[in-house]
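No hydrogens, no waters, no symmetry mates; every other heavy atom, side chains included, goes into these values. Protein chains get the first letters and strands the later ones, always in sequence-line order, with residue 1 at the start of each.
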Amino acid sequence: MTDPVPVLRLEGIVKTFPGVRALDGVSFTLLPGEVHALMGENGAGKSTLMKVLGGIHAPNEGQIFVSEEPTVMTSPMHAKAKGVVFIHQELSLADELSVAENIFLGELPLHAFGRVDWQKLYADTDAILKALNVGFDARTRVGDLSIANQQMVEIGRALTVDPRAVIFDEPTASLTDSEKVVLFDVIADLQKRGVGVIYISHRMEEIFKITDRISVLRDGQYSGTLHTAQTNEDEVTQLMIGRSLDLSRAENTHQMGEIALEARGLSCGKLFRDISFNVRKGEVLGFYGLVGAGRTEIAETLFGLRTPSSGQILLNGEEVRINSPIDAIRLGISLVPEDRKDQGLVLGMNCRDNMTLPQIGDLTAGPFVNEGAEGAIFDQYRDKLDIRTPGWRQIVGNLSGGNQQKIVIGKWLSMRPQVLIVDEPTRGIDVGSKAEIHNLIRDLAAQGLAVIVISSEMPEVLHVSDRIVAMFSGQIMRDFTAGEVTEDNLIQAISGISAEKVA
Amino acid sequence: MAGLTKQGMVQILARQGILIAFAAFMIGFALVNQRFIAMDNIFGVVRSSAILGVMALGVTFVVIGGNLDLSVGSMMSFSTIVVLDLHDKIGPVMAILAMFALTLALGAFIGFLVGYLKLNSLIVTLGMLSAIHGLTLTWSGGKNMDIADKAGTWFSVFGQGSALGIPVPILIFGLLAAALSLLLSKTPFGRRVYAVGGNGRAATFSGIPRARVVFMTYIVSAFCVATAGLLQASRSLGSQNTVGQGMELEVLAAVILGGASLLGGSGTVFKTVIGVLILGFIQNGLLLVGLDFYVQYMVTWAIIILAVWLDVAAKRGRLWSPIA
Amino acid sequence: QTMTIGITQNNVGVDSYQTTYERAFIAAAEANPNVEAVVLDAGGDVARQIAQMEDLIQQEVDAIIIWPTNGEAVIPAVRKAHDADIPVIVTNSNIAEQGFDFVASFSGPDNITQGARSAEIMCDKFVDMGIQDEARVVQISGQPGYTTAIERQEGFEDRLPEVCPNVTLVETQPGDWNREKSQQVMEAFLVKYDDIDGVYAGDDNMGVGALNAAKAAGREGIIFVGATNFAVGYDAMAAGDYWGSIYQSPVDDAEAALQTAIDTLNGEELPFLNYFDTPKITQDNMEEFTKPVF
Amino acid sequence: MTAQSRKDLVKQGGIWAFIVAELAFFSIAGQFLSVSDSAFMDLDNMLLLLKQSAPIGIIALGMTIIMINGNIDLSVGAIFALAAIVLLDSMTWPFMQALGDWAIPLAWVFALLTGVVLGAINGLIVWKTGVDAFIVTLGSMLGFRGLVFMYNGEQPTSHLNWSLVDFAEAQFLGLHTATWFLLISALALWLLMTRTVHGRNAYAIGNNRDAAVNAGIRVGPHFIWNFMLIGFLAALSAVVFYSESGSVNPNDGMLYELWAITAVVLGGTKLAGGYGSIISTLGGVIAIQLLRKGLGHIGADTQTVNLVIGLILIAVLFLDRQLNRKGKEELKI
Ligand SMILES: Nc1ncnc2c1ncn2[C@@H]1O[C@H](COP(=O)(O)OP(=O)(O)OP(=O)(O)O)[C@@H](O)[C@H]1O
Ligand SMILES: Nc1ncnc2c1ncn2[C@@H]1O[C@H](COP(=O)(O)OP(=O)(O)OP(=O)(O)O)[C@@H](O)[C@H]1O
Ligand SMILES: O[C@@H]1[C@@H](O)[C@H](O)OC[C@H]1O
Ligand SMILES: [Mg+2]
Ligand SMILES: [Mg+2]
């Protein structure tokens, strides 16, 4: 068997941004019919490399070959014409438009005079949606879909054309297991048709499940390619961060304290009903459930962003009223929100100012902001969380996704809360940092903090939590204590199968 | 930091584009006409820019907070008419206090609508442009308002006096600019204004009282408008109901020229001052060379677009927009 | 029988002349038991004024009085009223000649004469001062396109060389009937010209604006002559800062317009141009006049 | 009807409800306050209303598209004035006068072309420099106005052509010429926005520009087309209006941009882009014109008119927001 002609080949790609050398002579080859993982720490340059490939960024140096033909990718349109389809890391949808219009954005089927052929559009879309096995139809407004379903719409775009190569940039960051299965089917199907797939993810188990080869970037440089079947997680990690990770969980050595936060019969309209749980000082309480189960809404209610229709919240045994985040912060509650770009960060502001924002009123010398104190806080959490940035002045919007997430975490840790709620804390975070964040969460608990972790990743909840609350459709199905939880009964609980609903 | 050298330099240059443009403009005109840089001419320009400038300071806060204020011109007419009318009725001191109170009340009303009720600021302030004009006409009965004893009142000091050899309007403009610059860049309030304008949702999630911050930006703006009204009234000691008409757009032009983004979250008081001066000196310079006022319109057009273009080009690191 | 008379005014609230006119008109209409008035204001916008003409025609008023926002643009609308057999009376500022066929009559000041009189006032003063051979004058005219403004300028520019042939008119800029605007215009003149002896302004509001600019710049000895003597102008005259103007009352203006409309409806013979008198007023004779109420 | 379009109906229904309220109010109040004997809601009066809505209305239609597209155009008032000048002045050019009444269509073409060219300038700058349209058009609002003044100093430009006036004043099937232009433009643009790729892309771009770019839509040229379209419509508005009035002041059309934007927003189009409807804009335009007309009808004086119009704008905005609230569960943002 002769070597197949690569679908895509990148050679010596260099890309710089002001102050950053994001890609430094990277080469990469994608073969037809292979699923090729691209891995690397946050900020290693994965998305940038793909954007160069997708015609969004022009490289400073280097060359792109499509089926061995040298090609200059001038625009996304051009890339598409060359058969390269790009599923972005950040959702790239028009939420006022229908699912159909989004899936066929830029290539709506036409009648004469530029009129849209709606019939064909809806028919084609419904076919794609069927393949994706989702529960909404072609005419649904995208803005009305959950984040996960929006991600599925994005994935649907890969099925519209006959692509040569499809790039998935962290497609599973907000998907749950059932949707992942669909996605993997889609990928397998593409693979069968000889399409090359580039798959970016920080989730080792996925990488090992579906990819054929793994290429690793490190600090903007190419650091090697491995055959998935012939390697293991440790080797990949080595290549990514230059050392192995200790992924074992530190067992609880500390004593749990009093109940810090308790909810009694909390309801909020149709969003969630009759929610009761508590979390102790020194304890990590996991919230697991399908996307849309209502976990985020509970967190928002605890943080004063929603008004409960009934029920009580108790802090250290006393009932409290939390009408706004200001109240919540005063009571020592911190929330790392789900959507960092929308809720977590002021993207146009620098790193330091973002981090100190909630406490800026206290960091004063006379009427003025004490910039020294601010800088100290920033330095402390930059080191603690290993945030990669050229300096505190860097605009947060220019950081890689993972580093942005760390800024948000730093912001809320620096508030020294009693109760820390983290909603999808490691979405889009690399393995190294993820382990760090998990350790951090454990450490914080060990120091007596009460922590609530909301996550859609089962390994994550299982790994960090002392106790897990399983939610389904706005209700708590089960409250697992440590030891009794297994993957199976967890899945049962969040699918609404379990009958042992805890009151 | 290898990448920084050339690109970084370009960026720094472009970021200061407005200052450089300003300097180039001044030098250019000075070469054409010596009188342009005569001290009295410069003072003259700054003095006649002071009223616009004071208003622009306030609008800078509103714009950085992510909103617009199209009502400042109309509101300035109101302040002017009110203080002139009350001057003869309750005396200058009380008149000034009452005028500030009433103007701040208008600002509070707008701030309430935009901040707390979250109504769109463009439409709210456009509506207020019209409503306040109606209010002014009601107050004055549509008549000109003049102070009876123009020679005998010390009220003229704000607009016509001078202290330490500097005209009072310039002094007030300068002091207010310095104070507001500190407020915006050095205090928690200022930081919150940037945050709210940059990303209001994230600000709320960070425990920032967004509504109150927006409200306060309109209070600052109203305070500036009242000050401008005071300067205006004191300068001419009499006025028509329409003195401020049309100034809202000029003010906005100055703020934008200074580099504040209309999306909110960026801009500085210092740059707004530069924006104001540029508008003032363009007008003056073209006049000295003997060009008609409409040439000034076209030059302003070009300068606004060039200045903002340079600024965005610097931010994205390339001159032409990457949009296909 | 009662007659319904509609009026569409130019821009109430833009200065106190127009406001006082409106008040006086309403008062006069109310005082007359036979008259019902529909009072509209175009806010300076031609489109709005044309719409108001159409509305008045549609409401079938008996006569329409119009204070044109643009002396030419309203002609077709005036024709429409004429075609609907509604007599139209133009007030204050005439429409352009092409429209005269559709108009019953004009009521207002004789603006050409006013301009000429202002030229005479100024020239007389220059002669007094002995500078009639070297004086240099700038002019601040009213709203462009406004017949009153055009006519006053015309009257002034035609008459000045007749009485003072050696006085030069250096430059003319519009001040839009606005004190602020003309203050800026004057500031510009002062920057441009070191030697200015006289300023003619299309009305006193603008004249006082110019005066303020001169005072602020410390330029003394300039002769200010205006038109339509406003209260500010009167005061400035009393203070000795402002030389002269034309005495024109908006109350007379409004009452004359209403009377012309009534006379027209009563079928009386009227001249086409109904001027009311507008005498000269200067520091010398100002005691003969009461201070204007506006 | 899907649930979606029902929801849109409620969302956009506000403006029509407001119009009905205005009609009711002015009809009743007119009974007491108006000196006129004819009813407010008389057919002729309503036909006039449509006609009088045309100048701002035609511009507002274009503004709807620009705003759906995620941009804004503040220069339309100046384009309106410049197109008017070209329309009237071109008829006085010697070669045009030689053409007799054939000069009329040609003058229209010149005027419309002026609008298109000015629009293209805006669009090109927005595209190539990447400067926000608000700023670009704030600049050209000044710049184009400068051109207007350059043409004829501060003097008005006039040319009264009675054949043209007769055409503009004509009524066909009861509707005035201006009304026809308004309605036909509305229909054409409605089709454009709901049926064609260009229209759908306009929504997509306004809603999420990056997404549109990523999907390979040529955003830049798309912008130019839309700015040319609004330039065309501003000029069309001038053609319709000045055919009937024959004289343009250099200050004409000032503030039109703001009234047009107001009408568009009253119609429910989002300032942020991505959402809006041509038909609702028509509602917004009519609502404003009705307010002016109604206030005149009941004899409100100048200060009241100003006060009321301003406050009503705000009130409508407030009501609209209340109608579109999600309820108590809403995130307190
Ligand atoms: N537009 C930009 N301006 C400046 N710097 C940028 C820009 N885009 C990316 N960078 C920088 O380039 C580097 C690579 O970023 P990139 O987004 O490619 O990382 P990544 O590997 O995709 O990380 P993640 O796993 O967090 O998504 C980072 O240091 C980032 O800060
Ligand atoms: N069908 C829907 N229509 C409108 N908004 C929805 C819909 N489903 C979810 N949302 C909104 O999307 C956001 C994300 O909620 P999501 O469905 O992800 O719930 P969740 O329980 O927090 O799940 P996860 O934490 O996994 O995201 C929430 O603000 C929710 O109100
Ligand atoms: O002041 C002006 C007056 O002189 C003129 O007669 O009418 C219009 C007024 O604004
Ligand atoms: Mg990435
Ligand atoms: Mg969630």
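For B:Asn144, the parts lying near chain C are the backbone and the side chain together; criterion is any non-hydrogen pair under 4.5 Å. Proximity to chain B (any heavy atom under 4.5 Å) is restricted, for C:Gln173, to the side chain, taken from C-beta onward. Both the backbone and the side chain of C:Asp15 come within contact range of chain B, each with at least one heavy atom under 4.5 Å from a heavy atom of that chain. Neither the backbone nor the side chain of C:Tyr17 comes within less than 4.5 Å of any heavy atom in chain B. Of the atoms belonging to B:Gln232, it is side-chain heavy atoms, and not backbone ones, that fall under 4.5 Å from chain C. For C:Glu22, no part sits under 4.5 Å from any heavy atom of chain B, backbone or side chain. Residue B:Ser48 touches chain C through its side chain alone, counting heavy-atom pairs closer than 4.5 Å.
Dense packing is recorded around CD of C:Glu134, with more than 12 heavy atoms of other residues, nucleotides or ligands lying under 6.0 Å away. Taking a 6.0 Å sphere around CD of C:Glu220, one finds it holds 12 or fewer heavy atoms contributed by other residues, nucleotides or ligands. A 6.0 Å sphere centred on CZ of B:Phe100 holds more than 12 heavy atoms belonging to other residues, nucleotides or ligands.
Judged by distance alone, the side chain of B:Gln240 and the main-chain N or O of C:Ser16 form no donor-acceptor pair under 3.5 Å. Not one N or O on the side chain of B:Arg235 forms a donor-acceptor pair closer than 3.5 Å with the backbone of C:Asn212.
Listed options B:Ser239, B:Ala151, B:Gly44 were ranked by heavy-atom pairs under 4.5 angstrom with chain C; first place goes to B:Ser239. Considering only heavy-atom pairs separated by less than 4.5 Å from chain B, the leading option among C:Arg23, C:Gln18, C:Gln184 is C:Arg23. The greatest number of non-hydrogen atom pairs below 4.5 Å with chain B, out of C:Val232, C:Thr20, C:Asp235, is found for C:Val232.
For the residue pair B:Lys143 and C:Val293, the shortest heavy atom distance occurs at NZ-O, 3.3 Å.
A heavy-atom distance below 4.5 Å is not found between the side chains of C:Val14 and B:Asn241.
Here B:Leu237 contributes atom CG and C:Lys215 contributes atom NZ; the two are 7.5 Å apart, rounded to the nearest 0.5 Å.
A salt bridge does not link C:Asp241 with B:Lys150: every distance from a Lys NZ or Arg NE/NH1/NH2 to an Asp or Glu carboxylate oxygen is 4.0 Å or more.
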